[in-house]
Amino acid sequence: MNRYNFKSIETKWQNYWEKNKSFKVKTDPSKKKFYCLEMFPYPSGKIHMGHVRNYTIGDVLARYKFLKGYNVLHPMGWDSFGMPAENAAKQNNLDPKKWTETNILNMKTQLKKLGLSIDWDREISTCNKDYYKHQQAFFLELFEKKLVYRKENYVNWDPIDETVLANEQVIDGKGWRSGAIVERKKLSQWFFNISKFSQELLDGLEKLNSWPNKVKIMQKNWIGKSFGCEIDFRIEGDLPVNNIKCFTTRPDTLFGFSFLALSIDHEVSKFFRDNKDFLRFKNECSKTGTTEEAIAVGEKIGFKTNLKAINPLNPKQKVPVYFANFVLMDYGFGAVFGCPAHDQRDFDFAKKYDLEIKTVVKPFDKNKNFKVINEAYPGPGILINSGFLNDLEAPEESVLKTIEVLEEKKLGRKQINFRLKDWGVSRQRYWGCPIPIAYDENGKAYPIPKSMLPVELPENIDLNVKGNPLDTQNTWREVTIDGKKLLRETDTLDTFVCSSWYYLRFCSPRETAYGFKKEDIDYWMPVDQYIGGVEHAILHLLYSRFFMQALSYENSDFKILEPFNGLFTQGMVCHETYKDPDNNWISPDELEIIDGKKYLKKNKSIIVSVGPSESMSKSKKNTIDPENIINNYGADAARLFILSDSPPEKDVQWSEEGILSSYKFIQKLWNLNEKVINEIKKDHSNDADTEIKKFTNKYLKKIHDNLESFSYNKIVANLYEMYSFLSKQIEKPYTKHTLTDNYQKILIVMTPIIPHFANECLNILNIKDIKWPDYDLSMLKEELVNIVIQINGKKRALIQTKPNIDEEKLFEIIMNNEKIIKYLDQKTIKRKIFIKDKLLNIII
RNA sequence: GGGGCGAUGGUGGAAUUGGUAGACACGCCAGUCUUAGGAACUGGUCGAGCAAUCGGUGAAGGUUCGAGUCCUUUUCGCCCUACCA
């Protein structure tokens, strides 16, 4: 027997697909389409196992749909703007563009070795001016629609990367990449008005039935809609402040009002600009970090003003006004009305400053003398000590009633509040898409005319300067528009902008007039299946959804509101971790395993301890290089293994034993293939034909169902089962026609998983017309069925009979079964439960 | 603090609507064979027991003829989010 030479065979098929452009597609409304998209990679230089998993999952789906007769759009591109290129360029004195292009070339070669069914003619790269030109046009389009605006605002400033971060890029008060403690800085920034579409983005989630619930919940929480009331508090005191607005979801607890708390950035703070005590307090607030720990324990501190706030429902009551560290400026109005009895933070604050704690809601099971003592009671109940609100049910009844009264008095009004903030898109970075704006000497912003696009990034510039390198490009900055001399914006766009519309570009990748062609997106969009990591659940996916809202806004031609019809989030790839006695991480390549038990460091007999399996990361040195795997075991083995062990949505553990067994399995399939070819030549009688037909049909259904439900790990199990059947049954008498036909079907359903191997075998059999084989429902009926016989719900016997047997007949049969008779032991049968062809339960 | 997901052999995981728990794979054990290979093949592998049997899906209850699956309580783990008024 020949050994299966994966190297030559995989190369042969990859060349074949490339040469024949097997996966090239065109817009063709006469065909049913399927748009299969995986999140495009950042060109870091090398693919990692996460990519292998992501793109294998997508490829299985794309190849399956392709064989099913769909016109499948399965493209690939590069999210190629961003900081790593700029950092690498700075460190090694390189050009970010060249660095990026080299990386793309490397990664493209690697991806091709995986045997993906990609239409490479549609390849795009976001740092290419043919791409970002259209992005700049979109920016101007949004500018015209007033969906983009400029605002002087506090921003998160990363002092190491010297750049502004979005709220989402700040994790525990630190920059998501650099880990530096984030500072606050006031800068003029461009914003996309995403909050305008808060309601639309929330409503849209309802229709996304093929999205994981988890992701929808995360987005819902992020948008953070809350129903409540805006209240105007009259203010008395020694400052020219008459009125302070608050947002609250619990206006019904107003009778428990005991203080008003303001954010340190509230506009009232301007009167304290020169107050040393206030400045000291402000400084202290900034020290109480924003880490998880600090917030959990977080002491509530305040700075008392001489102002008094008047309770709108009880004008006689006047309470102190504080600045407090727990009030956020960017939620509501940066002011909170304090009701200590029914809010834990207010409670903590009141305890500290000895403020009144008045109970106004009692739980349903407590009497009217209920008093809040040790902790706040935020739950539902009945209003007490609250004048006209007494005896109403909280929160529903009481909140509505309070709003009604406040509206009458013109001291408040119903309000819906969203947590979602506008999207700041300015970045003080070189390697990004230039913002197509220029300013006159007064700082007034002018859009660059569309005829002058793209605003190209200058090349070959010195990056080793503090701040944004574009600030130093004086010649580049100067631009004349309508005879006016202006200076260009030097900020570039957040790279999330690039990835917010790339899926549209894949539909018309070479269109020059606009970012896409209407007839192309009308045909291909929305993406039928989007596949990627759950880490993009909020940002990228929400921004992309916003982009569709923005493009369709005031534009009846653009009707796509949701870009991704189906979403699948795959799990991570994990590997065991290893450490030497000095607690240094050891990579799997440095290991030597003796007798499968002893782990030693190669060439040194240092004993290595084995740690838990964790997601692959360079810092823990538990990564496996896909290129080595492909070179050693082949792409098919890698694909087979990465799909085999765990369901695609869960984490998978990479192991040497696992990849080896997949490799061996392909060799076994190859040996089987030679046997099958021999048997086909023999052309036996048809004695076993029905048997193999039934078998094949059963597995066609299983695989079909598993493909449709993303149960790819079960498909691998199905392949093993099919191998097991064939290798045992192959010498039975089949006619040439039946064996060929069935074996061919089995090979075809293997092609999505192990395309090189399966196509090679099909080719040897000279099968050219490859279509997905449908199963035949009528053939799924079994000639014999197993019926479980239970006594009192416990399985006692298994009877094999013809299907459709009725209860009486079955009972007759089992009355001759010694085992059963023994159990019945002359006892009276109280009841019988019969389910046809499945079960008979006898109750005694 | 809020929200979500999960818990099944030594391991990863199967188990369509409640109806044979442990498919398939790894690992392990035993054996066969050889041109000694990254071998291949055959059999076994939830626990206890010689066996008949009995017990068994994190724990405790419940519904049901019957529960891994449904309900209640609880423990643990993971993920997201967070002073959101």
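In what follows, chains carry the letters A, B, and so on, assigned in the order in which the sequence lines appear, proteins first and then strands, with residues in each chain numbered from 1. All heavy atoms count here, side chains included; hydrogens, waters and symmetry mates do not.
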Would you classify A/Thr248 as touching base, sugar-phosphate or nothing, given that sugar-phosphate means primed atoms plus P, OP1 and OP2, and contacts are heavy atoms under 4.0 Å?
-> sugar-phosphate
What's the closest nucleotide to the A/Lys664 side chain, out of B/G13, B/G38, B/G27?
-> B/G38
Check the pair A/Ser644 / A/Phe665 against side-chain contact (heavy atoms from CB on, under 4.5 Å), numbers first and verdict last.
-> CA-CA 12 Å; A/Ser644 67; A/Phe665 180 61; over 6 Å; no
Between A/Phe710 and A/Tyr712, is the ring centre distance below 6.0 Å?
-> yes
For A/Glu656 and B/U11, give me the distance from atom CD to atom C1', rounded to whole Å.
-> 17 Å
Hey, is the main chain of A/Ala537 close enough, under 3.5 Å, to the side chain of A/Gln219 for a donor-acceptor pair?
-> yes
Checking A/His575 side chain against A/Ile624 main chain: does a donor-acceptor pair fall under 3.5 Å?
-> no
Is there a donor-acceptor pair closer than 3.5 Å between any side-chain N or O of A/Asn697 and the backbone N or O of A/Asp776?
-> yes
Any sub-3.5 Å donor-acceptor pair from A/Glu10's side-chain atoms to A/Asp636's backbone N or O?
-> yes
Ion pair A/Asp346/A/Lys300, N-O distance below 4.0 Å = no
Does B/G9 sit syn or anti, given that only angles within 90° of 0 count as syn?
-> syn
By ring-ring contact (aromatic ring centres under 6.0 Å, His included) - contacts of A/Phe695 (at least two apart) | A/Tyr699, A/Phe725
Choose from B/U20, B/G38, B/U81 the nucleotide whose nearest atom is closest to any side-chain atom of A/Tyr633.
-> B/G38
Do the side-chain N and O atoms of A/Glu674 and A/Asn678 include a donor-acceptor pair separated by under 3.5 angstrom?
-> no
Looking at A/Arg345, does any N or O in its side chain come under 4.0 Å of the phosphate oxygens OP1/OP2 on B/G1?
-> no
Backbone N or O of A/Arg419 within a donor-acceptor pair of the A/Lys421 side chain at under 3.5 Å?
-> yes
N/O (side chain, A/Tyr720) to phosphate O (OP1/OP2, B/A25) under 4.0 Å = no
For residues A/Phe281 and A/Phe323, establish whether the separation of their ring centroids is below 6.0 Å.
-> no
Taking the P atom of each, how far is B/U63 from B/U72, in whole Å?
-> 15 Å
What base-paired stems does RNA chain B take part in, with at least 3 consecutive Watson-Crick or G-U wobble pairs and both distances under 3.5 Å?
-> B:1-7 with B:75-81, B:10-12 with B:24-26, B:27-32 with B:40-45, B:46-48 with B:53-55, B:58-62 with B:70-74
Closest nucleotide among B/C83, B/U81, B/G38 to the A/Phe326 side chain = B/C83
Ring centers of A/Phe259, A/Tyr353 separated by less than 6.0 Å | no
A/Lys838 side-chain proximity, nearest of B/U20, B/G13, B/G19 | B/G19
Does any residue of residues 722-730 of chain A have a heavy atom under 4.0 Å from RNA chain B, and if so, which ones, in number order?
-> A/Tyr723
Please state the C1' separation for the pair B/U45 and B/G22 - nearest whole angstrom.
-> 12 Å
Using a heavy-atom cut-off of under 4.0 Å over every strand shown, decide if A/Asp705 touches base, sugar-phosphate, or nothing.
-> nothing
Between the protein and nucleotides 71-80 of chain B, list every N/O to N/O distance that falls short of 3.5 Å.
none

When the P atoms of B/G2 and B/U8 are considered, how many whole Å apart are they?
-> 27 Å
How far does the C1' atom of B/C5 sit from the matching atom of B/G9, given to the nearest Å?
-> 23 Å
If the C1' atom of B/A21 is compared with that of B/U16, how far apart are they to the nearest Å?
-> 16 Å
Would you please indicate yes or no on a ring centroid separation below 6.0 angstrom for A/Phe233 and A/Phe257?
-> yes
In whole Å, what is the span from the NZ atom of A/Lys668 to the C1' atom of B/C26?
-> 12 Å
Comparing A/Lys794 and A/Tyr663 on RNA chain B - which has the more 5′ nearest nucleotide = A/Tyr663
Atom CG of A/Leu660 to atom P of B/U11: distance rounded to whole Å?
-> 22 Å
Closest to the A/Asn325 side chain: B/A25, B/A23, B/C83?
-> B/C83
Round to the nearest Å and state the distance from A/Lys225 atom NZ to B/U81 atom P.
-> 23 Å
A/Ser195 and A/Asp422 side chains, donor-acceptor separation under 3.5 Å = yes
Specify the separation, in whole Å, of atom CG of A/Asn628 and atom P of B/G38.
-> 18 Å
Pairwise N/O distances under 3.5 Å, protein to nucleotides 65-67 of chain B:
| from | atom 1 | to | atom 2 | distance (Å) |
| --- | --- | --- | --- | --- |
| B/C65 | OP1 | A/Arg831 | NH1 | 3.1 |
| B/C65 | O2 | A/Asn841 | ND2 | 2.4 |

Could you check whether the rings of A/Phe757 and A/Trp670 sit parallel, tilted or perpendicular, using 30° and 60° as the cut-offs?
-> perpendicular
Scan side-chain atoms only and decide if A/Asn804 and A/Lys836 contain a donor-acceptor pair under the 3.5 Å cut-off.
-> yes
Could you work out the separation of B/G47 and B/G38 based on their C1' atoms and round it to a whole Å?
-> 35 Å
d(CZ, A/Phe247; P, B/C83) in whole Å = 16 Å
Between B/U53 and B/A60 - C1' atom distance, rounded Å = 28 Å
Regarding A/Lys701 and the six-membered ring of A/Tyr775, is the cationic atom NZ or CZ under 6.0 Å from the ring centre and inside 45° of its axis?
-> yes
Can you check the A/Asp645 CG to B/U11 P distance for me, whole Å?
-> 14 Å
The single option from A/Ile235, A/Val327, A/Val336 passing side-chain contact (heavy atoms from CB on, under 4.5 Å) against A/Leu260 = A/Ile235
Among the candidates B/C54, B/A21, B/A25, find the nucleotide nearest to the side-chain atoms of A/Arg796.
-> B/C54
Spacing of the P atoms in B/G19 and B/U69 (rounded, Å) | 11 Å
In numerical order, the residues of residues 707-714 of chain A whose heavy atoms come under 4.0 Å of RNA chain B are A/Asn713, A/Lys714
